Amino acid sequence: MAKINIVQAINQALREEMERDADVIVLGEDVGKDGGVFRVTEGLLEKFGPARVIDTPLAELGIAGAAIGMAAYGLKPVVEMQFMAFSYEAIEQIFSHAARLRNRSRGRYNCPIVVRMPYGVGIKGPELHMDSSEALFCHMPGIKVVVPSTPYNAKGLLTSAIRDPDPVVFLEPARLYRAIKTEVPQGEFTLALGKADVFQEGRDITAISWGAMLHRVIDASEGFDCEIIDLKTLKPFDEETILNSVKKTGRVVIVHEATKYCGLGAEVAAFLAQEAIMHLKGPVARVAAPEAVVPMALLEDYYMPSKERIRRAFEEAMKY
Amino acid sequence: MKAQELYRMVSLIRRVELKIVEVYPGDVMQCPVHLSIGQEAIAAAVCRFLGKNDPSIGTHRSHALYLAKGGSPVGLFAELLGRINGCSGGYGGSMHLVDLENGLMGTTSIVGGALPISVGMAMGTMRPRIACVIFGDGACDEGAFYESLSFASLKKLPLLFVCENNRYSVYTHTDQRRCSRPLRIAEACSVRTLHAPIDAANDAVTLYGLIEGEMGRLRSGGGPLFIECDTVRALDHNGIRDDIAHGWRPAAEAELVKRYDPLILTGRHIDRETREKIDGEIRDIVESAYASALKSEPLNAGETADKALFP
């Protein structure tokens, strides 16, 4: 197996799925000739032509709406938003229509769109280019939210997302795009949505994270007997895997790039308070960004949950 | 024959709306309604050019579109009554009608929300199919309006934009909201436009004749078409109240409602005897549809919750 990075893995998933299924369409700003702002869709226009790889106007609302209309018609559009915060322009369409069509039609038709977007801090971008607003999308019924942490995950999860009958928000950790390479199978392969990975087994602490933060957690875990969970699908998240781990360790640290208030960590903590209260040895800890928008690059390291902050949370957890 | 069929549709829409007006005070329909009275001719004429395979999408005021596209009155009444036989399973209500069998992909309560989706539908269609979106002048105030026209024009999509311009967004007149007519924006986007003044737009037969040629061009690949229809809303924005009588719109509006009644204007093209025969048949159809809708089961609360996310 060849070792490739996340950009290549996503490109491969798109390319192979487009070869297999003529209904798969890629659209977005600069995705064709330019290959996308992070070059994720490079070469697709040349291979599949302008009817299937569509350079759109600079109009996120219009792009999302067009994708929904195509999906209603039986196509499987994969939309690229250049940065996660640019999708706020399109939220009207994603929330008011994509999320609701299956329910509104009582299951008579679905909305199989994928909205891909780079997200997260760590690329020396300014605010509105590094947002982590996953909880926003998780909150709206009818949408699935997926975050890969490795090239292997990226390919398998994106292929599943494209095949899923419902709208999937696919968040690509921008700082990981070219940072790591893993072995990725050539050809068709899928990873089930809704399933978490136990990245590393352990007995003392359950550390829950996703995307780029998984790698921070791995770094920080040295010297601790940590069970590291990569959530992968944020909505719906894998309750069983979390529960089994917490029953074993009794200590939980959740690490995410988003701010803490109403972040996804709060939902996981509430779930554990309800389902695992008798197994918990201490409070569920959350390591998250400070309650502020993303700062300029100089403060990026301060903003992002650091190895030291994660280690301190582990140390606190071990006091119980 | 065409005139008779157009009249029959206008009469059906009117009679269904009047039935809603009749039963609404009894609170059997616990659902806001935005009635099409005064604007029936537009959907009636436009939908004559659309087949079941031509996907269409509408707004909060879409009873006329639903019926003109071929939807059953039972399905509409049952939807408003919250019954499982409703066209959206009794879940969506008046503003969220779905009738896939007749190519009505949906209607939406978000003003302007249907416009970008119609672009995608047109992108997904292959000629000779066309997509159609019907919307009000209020939707033209939204940014989505420009985005959709520009995208559709750029890609030369087989998309029919129908603007029902009743000049009022709730009670605010278009002159207080807009600097120009909606079709000026369409022209700026190089979309072909047609303007139907109220005497044409509120007469299904005249409107049909006015748009026939352009509809043929649309279907044969001439790119998007924008039709702006001047019309008048007979009743309140929402509900069954006469808002003009209550002083919410100027009294001159009542004159327009009277002078340009679509039922009367369309009816002038056929003789009185035929008109009365059609009206009688429609009355029976609507009464029996309402009785049938009442027999449908209400939506079960537990089942609704279970199916809410992924039915």
Side-chain angles (χ1 to χ4, degrees), chain A residues 22-23 25 27 29 50-52 54-77 79 89-113 140-144 164-167 194 235-236, chain B residues 53 55 57 84 86-93 95-101 103-126 129 131 133 142-155 157 159 189 299 304 307-311:
Chain A
D23 286 339
I25 308 278
L27 71 160
E29 294 156 6
R52 293 184 66 197
I54 302 170
D55 274 322
T56 61
L58 203 166
E60 288 81 5
L61 177 78
I63 298 165
I68 295 164
M70 288 180 183
Y73 222 78
L75 299 175
K76 295 174 187 166
V79 171
E89 291 275 353
I91 274 188
E92 192 281 296
Q93 284 293 325
I94 298 170
F95 280 14
S96 309
H97 306 291
R100 294 161 198 245
L101 287 183
R102 190 204 260 259
N103 187 40
R104 193 179 288 164
S105 70
R106 306 313 290 154
R108 280 173 294 167
Y109 74 97
N110 306 327
C111 189
I113 68 170
M140 180 54 64
I143 299 175
K144 292 172 182 164
D164 196 89
D166 294 306
K235 168 83 173 283
Chain B
N53 291 327
I57 183 164
I84 55 175
C87 59
S88 302
Y91 200 94
M95 292 187 271
H96 303 112
L97 308 171
V98 178
D99 183 14
L100 296 187
E101 292 69 27
L104 182 64
M105 306 308 287
T107 65
T108 162
S109 50
I110 298 296
V111 172
L115 289 158
I117 299 176
S118 73
V119 174
M121 285 176 177
M123 290 173 103
T125 60
M126 300 294 278
R129 282 195 292 206
V133 58
E142 299 275 1
F145 178 61
Y146 160 73
E147 289 188 26
S148 304
L149 282 167
S150 174
F151 204 174
S153 177
L154 180 75
K155 299 286 178 187
L157 299 177
L159 176 54
C189 292
L299 206 56
T304 301
K307 284 184 176 176
L309 187 51
F310 298 128

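This one's a predicted model, so the numbers in the text were calculated from it and none came from an experiment. By convention in this document, chain letters (A, B, ...) are assigned in the order of the sequence lines, proteins followed by strands, and residues within each chain are numbered from 1.
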For [X] and [Y], which heavy atoms make the closest approach, and how far apart are they?
X: B/Pro116; Y: A/Gly62; result: CB-CA, 4.0 Å
X: A/Arg108; Y: B/Val98; result: NH2-O, 3.7 Å
X: B/Gly106; Y: A/Tyr109; result: N-OH, 4.4 Å
X: B/Met121; Y: A/Ala72; result: CE-CB, 4.2 Å

Mind checking the [atom1]-[atom2] spacing from [X] to [Y]? Nearest 0.5 Å is all I need.
X: A/Leu58; Y: B/Ser150; atom1: CG; atom2: OG; value: 11.0 Å
X: B/Phe151; Y: A/Leu61; atom1: CZ; atom2: CG; value: 11.5 Å
X: B/Ile117; Y: A/His97; atom1: CD1; atom2: NE2; value: 4.5 Å

Kindly indicate whether the side chain of [X], heavy atoms from C-beta on, has any atom under 4.5 Å from the side chain of [Y].
X: B/Met123; Y: A/Leu75; result: no
X: A/Leu101; Y: B/Met105; result: no
X: B/Thr108; Y: A/Arg104; result: yes

request  = Using side chain to side chain contact (heavy atoms under 4.5 Å, CB included) as the criterion, list what pairs up with B/Cys87, not counting sequence neighbours.
outcome  = B/Tyr66, B/Glu79, B/Leu97
query = Who wins among B/Ser148, B/Gly113, B/Gly143 for the most heavy-atom pairs under 4.5 Å with chain A?
reply = B/Gly113
remark   = Bottom line for B/Glu142: the part with an atom under 4.5 Å from chain A's heavy atoms is neither
ask   = Where on B/Ser118 is there a heavy atom nearer than 4.5 Å to chain A: the side chain, the backbone, both, or neither?
value = neither
task = Identify, with sequence neighbours excluded, every residue that meets ring-ring contact (aromatic ring centres under 6.0 Å, His included) alongside A/Phe95.
result = A/Phe137
key: Among A/Gly74, A/Gly69, A/Ala59, A/Ala64, residue most engaged with chain B (heavy-atom pairs, under 4.5 Å)   = A/Gly69
